[in-house]
Amino acid sequence: MSRPVLFVTRRLPASIEAQAEQDFVARLTDSDVAITDIVARAEGADAVLCCPGDVLDAATITALPTSVKVIGTFSVGYDHIDVAAAKARGIKVCNTPDVLSVATAECAMLLLLAAARRAGEGERLVRSGQWDGWAPTQLLGTQVSGRRLGIFGMGRIGREIARMARGFDMEIHYRDMTRLPPELEQGAIFHDNDDSFLPICQFLSLNAPGGDGTRHWLGEERIAKLPPGAVVVNAARGTLVDDAALIAALRSGQIAAAGLDVYNGEPRLHPDYLTLENVVLLPHLGSATTETRDAMGRIVLSGIAAILAGETPSNEVG
Ligand code: DGY
């Protein structure tokens, strides 16, 4: 049987490209940058393997060649794909759940600690050559251990963060649409409304999916309900945050510090973040470990192959 044609929008880890070439007639690329001509380049392909940053909105999906039966994304988040439009075209979608939860939670913890302990400022000070030595009042941060952590979005990644944060003796609270069963909750305290949730969040970690349902969830009104001096971390999607409101709160001190891995309109970000000392900025590194990216590649390739073979893999979405 002839191998299906797979169009890949971005350079992948070497072992994953090798596997793609083994399982598919793979159209690979050496580019790391999101592309805008997906429709033309997908001509004759049975499947498209895309990434966050590639825009697969309704117009793009409607214009895809009829040969395309599957869109796989090299990510757990699929807010860059209009799944309803894909369904209307009979195109199935799959992603990379589970395998990146630990790596992404590690990244959220990295941001949480770095923001609380002013690691960005400290590193800039050392690199500047201006550090004069230890001082009792230098770069004093906020202790993490023993504080309350609120997690907005207690899915797989949120639960991993909770597990890691328990190691720092943090008290875990969460806000989600429904309460988890006790074996997943592991003692975390559920909140079914913002008014009980936000005021306890000495630390707030955003872990909900992106998309219209959560757009600018953290805006002026919710920020005002946080305790003064809260620390905010976002390793989920930039769209969860109203940048102007967060920047104003970082300036006023209502939010003491933030750690951001994701941005509205990334790779561009609101220029005012670059002027603030009390925000730690990472370039969407959440899942960026060698073992995680390999696992993501394996699961998305197997999902695409399974769908093309008429199966329904566990990583099919929608
Ligand atoms: C995802 O998988 O959605 C991440 O944001 C990529 O690291």
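Remember, it's 1-based here, ligands and their atoms both numbered in the order they're listed. These numbers were taken from a predicted model, which means no experiment stands behind them. What you see below is based on every heavy atom in this structure, not just the backbone, and it leaves out hydrogens, waters and symmetry mates.
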* Asked: Between Arg147 and Glu171, is there a salt bridge with N-O shorter than 4.0 Å?
  -> no
* Using 4.0 Å as the upper bound for N to carboxylate O, is an ion pair formed by Arg251 and Asp272? -> yes
* To do: Scan side-chain atoms only and decide if His216 and Thr239 contain a donor-acceptor pair under the 3.5 Å cut-off.
  => no
* Asked: Is it true that a side-chain atom of Arg11 and a backbone atom of Asp32 form a donor plus acceptor pair closer than 3.5 Å?
  -> no
* Within the side chain of Arg166, is there an N or O that forms a donor-acceptor pair under 3.5 Å with the backbone of Gln186? -> yes
* Can you tell me which residue and heavy atom of the protein come closest to atom 7 (O) of ligand 1, and the distance to 0.1 Å? -> Ser287 OG, 2.6 Å
* Structure fact -> If you scan protein heavy atoms around atom 4 (C) of ligand 1, the nearest is His284 NE2, 3.6 Å
* Structure fact -> Logged contact type for Val262 with ligand 1, heavy-atom cut-off 4.0 Å, is neither
* Could you tell me whether some N/O pair between Thr96 and ligand 1 is separated by less than 3.5 angstrom? => no
* Would you check the N or O atoms of Val76, main chain and side chain alike, for any that come under 3.5 Å of an N or O of ligand 1? => yes
Pull out every atom of ligand 1 sitting under 4.0 Å from any heavy atom of [X], numbered as shown with elements.
| X | result |
| --- | --- |
| Ser75 | 1 (C), 2 (O), 3 (O) |
| Arg237 | 1 (C), 3 (O), 4 (C), 5 (O) |
| Gly77 | 1 (C), 2 (O), 3 (O) |

* Asked: Between Phe190 and Tyr174, how do the two ring planes meet: parallel, tilted or perpendicular, split at 30° and 60°?
  -> tilted
